[in-house]
Structure formats: C-alpha cells, structure tokens
**Student:** 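Sharing a structure, written as structure tokens. Questions coming.
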Amino acid sequence: MDFYTTLNWGLLIVTFAVMIGIGVWSGKTVSDSDEGGFLLAGRTLGPFVGAATIVATGFSGWGFMGSPGVAYEFGAIEVLGNFFFAPAMMVAVLYFASFMQKRALTMGSNTIPEYIGQIHGGGSGGRLLQGVSAVITIVLLMVFMVSQIKAVGLLGASWLDIEMTTSAWIMISVIIIYTMWGGLAAVAWTDTVMVCGMALGAIVIMVQMFTSVDVGEWVAKLNEINPSLLNPETAAPYGDSKGSVFLVFPYAFLFAAVLPYMAVRFLAFRPKVKMHTVGIYVAILGGILSLIPLVGLYMRAYGPELAQADAAMPMYLQTFLHPALEGLITLFIIFAMQSTANSMLQTVSAATSHDLRLALNKNADHDSPHALVVNRVAVVALGLLSLFMMMYAPPFMLSWLGILGSGTLLAAMIGPVFISTFWQGTVPGALTAMIVGFFTSGGLLLTTDIGWVEGPLIGCLASSVCYFVVSMATRRNAEARRA
C-alpha cells in the first residue's frame with residue numbers, strides 16, 4: 001500500500017468516525033424521543049441544515065458520476081439540463097414547502113405515505129393509500145439505491161485499491177450505522193457536512209479546469225471532435241427535440257416537491273423557519289454543484305478515450321489532479337453518493353417499518369420503544385438487501401437507472417402529494433393516479449427509447465388526469481348516493 005492509498009484510508013476512517021458520531025449525537029438529542037423524532041428529526045431542521053440536506057440529496061451520485069458521463073457522451077446539453085435543478089429546487093422550497101409543512105404539522109404526518117393517507121381522509125381508505133404508496137416507494141427507491149451503492153462502490157474501490165464489492169460493503173455499513181442510530185436527524189446533519197465538502201470539491205475542480213486551458217481552444221477541440229457536442233441537433237438523452245431539455249425544469253421542480261425522500265424534508269423543518277432563507281441557501285449550493293458536468297466536456301477534449309462514459313469523473317481525477325488532492329475530492333464525491341443513499345435508506349425503512357405497519361394494522365402502536373426498534377431493524381435489513389441487489393444487478397448506466405427509479409416514483413406520486421395540496425381528490429382518484437403513473441412512466445422508460453425526462457413527465461400527465469377525472473367521478477357518485 002503506497003503513501004497516498006494510506007492517506008485515503010486515513011481520510012475515510014476519520015470521516016466515518018465523524019458521521020457515526022453525528023448519528024450517536026442525533027439519536028441522543030432528537031431521535032430517541034419518539035417515533036416522530038426518528039422519522040422527522042423532531043421537526044427541528046433550521047434553514048441551512050434543511051437547505052443542505054435538500055441539495056446534498058438532490059445532487060448525488062448522478063451529479064458527480066452520472067452527469068459528467070452524460071456530458072462526455074452527449075455533450076453540452078447535459079450542462080444546461082443539470083443547471084435547471086438548482087432554480088427548480090429553489091422554487092419548490094419557496095412556493096410549495098410551507099403549504100405541505102403546515103398541513104403535515106396539523107395532521108401529524110411523519111412520512112409522505114402517511115401524509116397521502118391522511119390528506120385523503122384517513123380511515124380504511126387512507127390506510128389503503130398509505131400502504132400502496134409505501135409499497136411503490138420501497139420498490140422504486142430500492143432500484144434507485146442500487147445505482148447509488150454501485151457508484152460509491154466503484155469509486156471507493158479505485159480510491160482505496162480494493163475490490164468493488166468490499167468497497168460497497170464498507171460504504172453501506174457506515175450509512176446503516178449512523179442512519180439506524182439517528183434517523184432523519186443523522187441523515188440531515190451528515191448531509192450538511194457532506195454538501196460543504198461537495199461544494200468545495202466542485203470549486204477546486206472548476207479552478208483546475210479553467211486555469212489549465214484556454215476556453216477558446218477548449219471549444220475548438222470539442223468542435224473538431226464532434227460539432228454536435230456544443231451545437232446539438234437533439235436534446236438526447238432528454239428527447240428528440242432540442243426543446244426537450246427545458247422539460248428538466250418542471251421535472252426537477254416536481255423531483256424536489258413530490259419524491260418522498262426529498263419532500264419529507266419539508267415536513268421536518270421547524271414550524272417558523274423562513275423559507276426564503278432556505279431558498280437562498282439552496283440556490284447558492286445548487287448553483288455551485290450545477291457546474292460539475294463540465295468535467296465530461298473537459299475529458300472529451302483533453303482526457304484519454306474512455307470505454308465507458310461513466311468513468312469520466314474517476315479518470316479526470318486520476319489524470320489531472322495531484323494524488324493527495326485526488327484523494328480529497330474523491331472523498332467529497334463519495335459524500336455526494338452517500339447523501340442520497342442514506343436519504344433513500346431512511347425513506348424506504350420508514351415506509352416499511354411505519355407505513356406498512358400502520359396500513360396493515362390499524363391498532364399498531366405509535367411513538368413507543370417497540371416502534372423505534374422496528375424502525376431501526378428496517379434500516380439494517382433494507383440496507384443489506386440493497387447491497388445484495390447491487391451485487392447481482394445487470395450492467396446499467398447510472399443516470400438512467402436513477403431516472404427509472406425516481407422518475408417513475410414521481411409520476412406515481414404527483415397527484416396524491418402535489419395536486420392534493422391545492423385540490424382535494426378522493427381515495428379512488430389517488431389510487432388510480434398512483435397505479436397509472438407507475439405503469440406509464442416505468443413502461444415508457446423500459447420498453448421505448450423515449451427521452452429520460454419525457455417518460456416520467458408523460459407519466460405525470462397521465463397520473464394527474466386520472467387523479468382529477470376519477471376523483472370527480474367518484475365524488476359525484478358519492479354525492480348522488482347520499483342524495
């Protein structure tokens with residue numbers, strides 16, 4: 001083992017000790033109080049921590065590993081597409097978070113599936129919606145989590161000079177430990193540490209690239225390789241039309257406002273947090289991280305030819321940075337991947353231990369030591385299950401698998417989560433919307449060559465129409481029977 005590999009191990013051990021320490025502290029101060037403390041950090045998130053965990057979760061493994069690979073493969077269209085995430089997330093915080101937060105606080109919702117059940121009237125119909133939305137959340141986020149674990153395993157393997165499976169075991173084990181101990185509070189506070197490192201890493205990378213080349217020469221080299229890299233004829237992989245890339249903005253807005261592992265942050269804010277302050281922090285952090293896809297264009301112009309586009313970021317670090325700096329930036333990228341993996345693990349474990357338990361048993365206990373034990377066991381079990389799924393998964397492109405999981409979940413949840421905040425539907429309407437959104441988006445992404453955001457957005461449209469139409473029809477029928 002050489003000096004720099006030893007240094008990397010040292011960085012990893014110190015960082016993991018800090019993360020586990022945060023988990024222990026979170027458990028003692030917030031998460032051990034009751035089930036709501038574990039699932040929602042006791043509704044204690046302030047503006048910076050809340051913004052940091054939103055951005056860290058949104059700009060994850062796909063941001064640091066997937067998006068440079070897409071830019072390497074498809075060109076500057078990915079830079080524009082990635083840029084839309086920061087303003088879209090800021091708009092979601094400014095114009096939606098407070099609505100959802102206030103309603104969830106009034107109802108006592110601890111998770112997004114519980115919010116769906118309660119906002120549609122509770123009772124047996126509400127429990128049905130809570131159970132169905134929990135199952136959909138578990139299935140699709142487990143798919144997404146596989147891509148995150150594979151990404152962090154691949155990067156950690158080259159960084160630590162070990163096998164990929166061993167790397168994945170190490171990374172997911174630490175995530176399991178601090179998430180099990182501290183719940184959402186541990187996730188949010190570790191995300192805050194992580195996003196600061198991610199932003200610093202992005203700044204260092206930008207300084208290296210823009211001080212090492214002339215921008216005009218960079219443009220000329222890309223045009224020489226392929227003019228469509230900077231002047232694309234389509235918006236591939238987002239769609240066949242050039243304008244398809246602008247669909248990323250509504251997709252990213254709904255991504256932040258609807259997805260259970262993102263929207264649950266809105267429920268965890270302190271009641272009197274000023275959302276415009278949160279929005280400013282989101283804009284600053286997200287804007288910095290939006291620059292990362294430029295690495296793909298830099299590698300296409302100046303790096304060695306790659307057999308796999310997803311290797312753009314690791315190869316950039318090996319080729320253009322000093323080994324010590326490479327190790328530090330790699331640690332920050334591992335942060336990015338872990339920040340989403342821990343959020344998804346917390347969400348699927350909550351859906352399993354809280355939502356399915358309440359949906360299947362109306363007399364299940366709340367806020368008891370037994371409930372907290374179930375929550376923590378679910379974190380361990382689902383973390384290990386996702387690791388085994390990654391070990392046996394077929395080859396896939398990281399960004400595409402992320403879109404399959406998150407985009408399809410978005411299409412399933414848009415009506416029951418987003419539209420219901422402004423227009424109240426019925427239980428049959430919400431159930432139909434979830435099923436139609438799930439199969440429309442998933443079917444399009446799996447069986448056609450449709451653009452990566454077009455499939456989920458078509459699923460969102462179909463789900464929204466079904467939510468409205470079925471809700472109107474069933475409401476009229478119920479009113480007619482009462483008359």
Side-chain angles (χ1 to χ4, degrees), residues 1-31 48-49 52-53 55-57 59-61 63-65 148-149 151-205 207-208 285 288-289 292 313-314 317-318 321-343 345-346 379-380 383 387:
M1 184 181 296
D2 62 27
F3 170 78
Y4 294 111
T5 302
T6 303
L7 177 63
N8 294 342
W9 275 102
L11 288 171
L12 185 73
I13 292 170
V14 170
T15 302
F16 281 176
V18 171
M19 299 302 171
I20 292 172
I22 291 173
V24 174
W25 173 82
S26 302
K28 290 181 177 179
T29 58
V30 176
S31 303
F48 183 72
V49 173
T53 188
V55 173
T57 304
F59 287 88
S60 58
F64 273 87
M65 291 286 284
Q148 296 297 306
I149 294 174
V152 75
L154 288 169
L155 189 59
S158 61
W159 187 53
L160 300 172
D161 193 24
I162 57 178
E163 294 292 328
M164 193 274 284
T165 302
T166 304
S167 171
W169 269 101
I170 293 172
M171 302 301 174
I172 194 63
S173 296
V174 174
I175 292 172
I176 289 172
I177 291 170
Y178 68 72
T179 303
M180 174 194 67
W181 220 316
L184 185 61
V187 169
W189 276 98
T190 54
D191 281 356
T192 302
V193 175
M194 292 174 184
V195 82
C196 292
M198 291 157 62
L200 177 60
I203 291 170
V204 170
I205 289 171
V207 169
Q208 186 282 321
L285 293 170
I288 294 171
L289 298 180
I292 289 297
M313 177 59 83
L317 298 175
Q318 293 177 23
L321 295 184
H322 184 277
L325 193 56
E326 173 195 350
L328 186 61
I329 301 299
T330 302
L331 177 65
F332 295 155
I333 297 173
I334 289 173
F335 281 178
M337 299 170 187
Q338 288 185 337
S339 67
T340 298
N342 62 22
S343 298
L345 177 58
Q346 193 274 334
V379 171
V380 177
L387 178 62

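FYI, the numbering just counts along the sequence from 1. Source: prediction; values computed, not measured.
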**Student:** Would you call Ile334 and Phe64 a side-chain contact if the rule is heavy atoms closer than 4.5 Å?
**Tutor:**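 When only atoms from C-beta onward are counted, Phe64 and Ile334 do not touch, as no gap falls below 4.5 Å.
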**Student:** Taking atom CD1 of Ile329 and atom CG of Leu321, what is their separation to the nearest 0.5 Å?
**Tutor:**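 Between atom CD1 of Ile329 and atom CG of Leu321 there are 6.5 Å.
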**Student:** Can you tell me how far the OG1 atom of Thr190 sits from the CD1 atom of Ile20, to the nearest 0.5 Å?
**Tutor:**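 One gets 11.0 Å once the value is rounded to the nearest 0.5 Å.
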**Student:** Can you name the side chain to side chain donor-acceptor pair (under 3.5 Å) partners of Ser343, sequence neighbours left out?
**Tutor:**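 So Ser343 forms a side chain to side chain donor-acceptor pair (under 3.5 Å) with Thr57, Arg265.
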**Student:** So which heavy atom on Thr53 is nearest to which on Ala188, and how close?
**Tutor:**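 So the minimum-distance heavy-atom pair works out to OG1-CA, 3.7 Å.
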**Student:** Provide the closest heavy-atom pair for Met198 versus Ser339 in the form atom of the first, atom of the second, distance.
**Tutor:**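 The pair with the smallest heavy-atom distance is SD-OG, 4.4 Å.
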**Student:** Sequence neighbours left out, what pairs pass side chain to side chain donor-acceptor pair (under 3.5 Å) with at least one residue falling in residues 164-174?
**Tutor:**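 The answer is none; no pair qualifies.
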**Student:** Between Ile333 and Leu317, does a side chain to side chain contact (heavy atoms under 4.5 Å, CB included) hold up when you go through it step by step?
**Tutor:** CA-CA 11 Å; Ile333 297 173; Leu317 298 175; 3.7 Å; yes
**Student:** Please test Val195 against Leu289 for side chain to side chain contact (heavy atoms under 4.5 Å, CB included), starting from the C-alpha separation and ending with a verdict.
**Tutor:** CA-CA 9 Å; Val195 82; Leu289 298 180; 4.3 Å; yes
**Student:** How about Tyr178 and Ile22: do any of their side-chain heavy atoms sit closer than 4.5 Å?
**Tutor:**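 Result no, sub-4.5 Å side-chain heavy-atom pair not found.
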**Student:** Can you find a pair of side-chain heavy atoms, one from Met180 and one from Leu345, that are under 4.5 Å apart?
**Tutor:**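 Not touching, per the 4.5 Å side-chain cut-off.
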**Student:** Please round to the nearest 0.5 Å and tell me the distance separating atom OG1 of Thr340 and atom CE of Met194.
**Tutor:**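 Interatomic distance, Thr340 OG1 to Met194 CE, rounded to 0.5 Å: 9.5 Å.
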**Student:** Could you measure the distance from the CG atom of Leu387 to the CD1 atom of Ile175? Nearest 0.5 Å is fine.
**Tutor:**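 Taking CG in Leu387 and CD1 in Ile175, the distance rounds to 10.5 Å.
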**Student:** Supply the atom-to-atom distance Leu11 CG to Leu328 CG, rounded to the nearest 0.5 angstrom.
**Tutor:**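 Those atoms lie 6.5 Å apart.
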**Student:** Does Thr330 use its side chain to pair, donor to acceptor, with the backbone of Glu326 at less than 3.5 Å?
**Tutor:**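 Yes, because the side chain of Thr330 sits within donor-acceptor range (under 3.5 Å) of the backbone of Glu326.
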**Student:** Please examine the side chains of Ile205 and Met313, heavy atoms only from C-beta on, and report whether any two atoms are closer than 4.5 Å.
**Tutor:**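 Contact flag for Met313/Ile205 side chains = yes.
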**Student:** Check whether any side-chain heavy atom of Ile162 sits under 4.5 Å from a side-chain heavy atom of Ile170, and report yes or no.
**Tutor:**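 Yes, side chains in contact.
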**Student:** Roughly how far, to the nearest 0.5 Å, is CD1 of Ile149 from CD of Gln338?
**Tutor:**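 Answer rounded to 0.5 Å: 10.5 Å.
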**Student:** Of all heavy-atom pairs between Pro314 and Leu155, which one has the smallest distance, and what is that distance?
**Tutor:**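 Shortest heavy-atom separation between Pro314 and Leu155 comes out as CG-CD1, 4.0 Å.
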**Student:** Sequence neighbours excluded, which residues qualify as side chain to side chain donor-acceptor pair (under 3.5 Å) partners of Trp159?
**Tutor:**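 Partners of Trp159 by the side chain to side chain donor-acceptor pair (under 3.5 Å) criterion, ordered by chain and then number, come out as Asn8.
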**Student:** Of all heavy-atom pairs between Ile172 and Gly383, which one has the smallest distance, and what is that distance?
**Tutor:**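 Looking at all heavy atoms of both residues, the closest pair is CG1-O, 3.9 Å.
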**Student:** Would Val204 and Phe332 count as a side chain to side chain contact (heavy atoms under 4.5 Å, CB included) here? Give the steps.
**Tutor:** CA-CA 11 Å; Val204 170; Phe332 295 155; over 6 Å; no
**Student:** Are the side chains of Val193 and Met19 in touch, meaning some heavy atoms are under 4.5 Å apart?
**Tutor:**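 Answer yes - side chains close enough.
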**Student:** Could you tell me whether the side chain of Thr179 and the main chain of Ile176 form a donor-acceptor pair under 3.5 Å?
**Tutor:**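 Flag not set: sc Thr179 to bb Ile176 has no pair under 3.5 Å.
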**Student:** Tell me if a side-chain donor or acceptor on Ser26 pairs with a main-chain N or O of Gly182 at a distance below 3.5 Å.
**Tutor:**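 Side chain of Ser26 to backbone of Gly182: no pair is present.
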